[in-house]
Amino acid sequence: MNAPFILAWELTKSCNLNCLHCRASATNTVLPGELTTREGLNLLDEVSRAGTKMVILSGGEPLLREDAFEIARYGTSLGLRMTMAVNGSLVTHQVAKAMKDSGICRVSISLDGVTPEIHDTFRGVAGAFEMALHGIEILVENHIPFQVNTTVAAMNVSQMDAFPAFVQSLGAVAWHVFFLVPTGRGETLEPARIQEYRAMLDSFYEVYTKAEIECKATCAPQFYRLLAEKDDEVRTKGCLAGDGFGFVSSTGDVQPCGFLQIPCGNVKEQPFTEIWAGSPTLKVLRDVHALEGKCGTCTYNLVCGGCRARAYEILDNIMGVDPICWYKN
């Protein structure tokens, strides 16, 4: 475990929206202590040598950082698969050209409703829905592959059945569904009911098997148990926090994932690979035998594992039971 296969780097906590579920509690100001360009390039150097294959440049809103494309270009030169997670509002033709020139191979844009009312409420800014759709149109015109990310909560769970056709009509190459993790501002957002999450995953399975685009469930590890029960191929473990997936905050803190906000060390003070190999928190997350309660005894814990961030935020126990799990064992 020299490095995660996928690394998300929060370029900045600054953002021009005010999303209800923001794990970063992003603001429209730049917080002090962000990694410098040089520190960021050194990080990419280190993780590329250690085996990381894909980097997600996230935020906040990464396009607010002036060196975002310099960073992307450098990562591409190292052979890393560079991607970017944006809200779509700042995507222009000039930005799209810079994305292509810097080697960004996929962009994710968040859409949390199929109507302006739901999405704009989720995003905290009137007009956010139209801005996101306009950004998507520009990506399509510039032949930049994009995926749609959707966070599921009580506010929008009723629209989930309408999402597959909507996402495909936009020209997306993928739809990634995230179950709400109550961290950051998301602590005050009402989650869907457990049975709603269960029904949503049953519907999502039908989309997963029939859709012409990639469909992935994130922070919903129970979906991978569902796949295993149906004897479908399980290509990844449900919760990859601290294992195949890692996160670096805007100020250099290494975390198991963006939602599991436990600092395991800081890249300004210690090499990433030393933190990744030596952190006690990361070590316990990789030990399936350390899982507690029904997650520990579940015969599917190698493919599911439960959401560690949700267990931490709700139960204050990173190895506890995923609180939304509906399975008895």
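Everything numeric here is computed off the predicted structure, so don't read it as measured data.
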Derivation of the side-chain contact (heavy atoms from CB on, under 4.5 Å) call for N156 and V114: CA-CA 9 Å; N156 64 349; V114 298; over 6 Å; no

Indicate the atoms forming the closest heavy-atom contact of A26 with C22, along with that distance. N-SG, 3.4 Å

Looking at every non-hydrogen atom in both residues, tell me the closest pair between L201 and L226 and how far apart they are. O-CD1, 4.2 Å

Could you tell me whether the side chain of Q261 reaches within less than 4.5 Å of the side chain of D253, counting heavy atoms only? no

Which of parallel (below 30°), tilted (30 to 60°) and perpendicular (above 60°) describes F129 and F166? parallel

Looking only at heavy atoms, which two atoms of T37 and E70 are closest? And how far apart? CG2-OE2, 3.6 Å

Which atoms form the tightest heavy-atom contact between G258 and R23, and what is the distance? O-CD, 3.4 Å

Nearest 0.5 Å please: distance from the CD atom of E117 over to the CE atom of M155. 12.5 Å

Check against side-chain contact (heavy atoms from CB on, under 4.5 Å), T83 and S108: CA-CA 8 Å; T83 67; S108 67; over 6 Å; no

Does the pair T273 and E46 meet the rule for a side chain to side chain donor-acceptor pair (under 3.5 Å), with working shown? CA-CA 8 Å; T273 49; E46 184 183 2; 2.8 Å; yes

For residues 48-56, which side-chain N or O atoms pair as donor and acceptor with protein atoms under 3.5 Å away, sequence neighbours left out?
unit_1	atom_1	unit_2	atom_2	d
S48	OG	L44	O	3.1
S48	OG	D45	O	2.9
T52	OG1	P4	O	2.7

Does A128 offer a backbone N or O that forms a donor-acceptor pair with the side chain of R123 under 3.5 Å? no

Taking only residues at least two apart or on different chains, which pairs with a member in residues 87-111 satisfy salt bridge (charged side-chain N to carboxylate O under 4.0 Å, His left out)? K97-D101, R106-E214

All pairs passing salt bridge (charged side-chain N to carboxylate O under 4.0 Å, His left out) where residues 174-195 contributes a residue, at least two apart: R193-E196

Determine whether a donor-acceptor pair (N or O, by modelled atom type, separation under 3.5 Å) exists between the side chain of S250 and the backbone of E10. no

What's the verdict on side-chain contact (heavy atoms from CB on, under 4.5 Å) for L227 and Y205, showing C-alpha distance, side-chain angles and the deciding distance? CA-CA 8 Å; L227 289 178; Y205 176 76; 3.7 Å; yes

Does a donor on one side chain and an acceptor on the other come within less than 3.5 Å for N87 and E61? yes

What closest approach, in Å, do T218 and K216 show between heavy atoms, and which atom pair accounts for it? OG1-NZ, 3.5 Å

The reported gap from OG1 in T299 to CG in N301 (rounded to nearest 0.5 angstrom) is 7.5 Å

Going through the checks in order, is the side-chain contact (heavy atoms from CB on, under 4.5 Å) test met by L260 and T183? CA-CA 8 Å; L260 187 46; T183 189; over 6 Å; no

Check: T36 main-chain N/O paired with E39 side-chain donor or acceptor under 3.5 Å: yes

Nearest non-hydrogen partners of I118 and G113, listed with the distance: CG2-CA, 3.9 Å

State plainly whether the residues R286 and D243 are in salt-bridge range, i.e. N to O under 4.0 Å. no

With H21 as reference, evaluate F259, F179, F178, F122 under the ring pair (Phe, Tyr, Trp, His ring centres under 6.0 Å) test and give the passing residue. F122

For the CG atom of L180 and the SG atom of C219, what is their distance to the nearest 0.5 Å? 9.0 Å

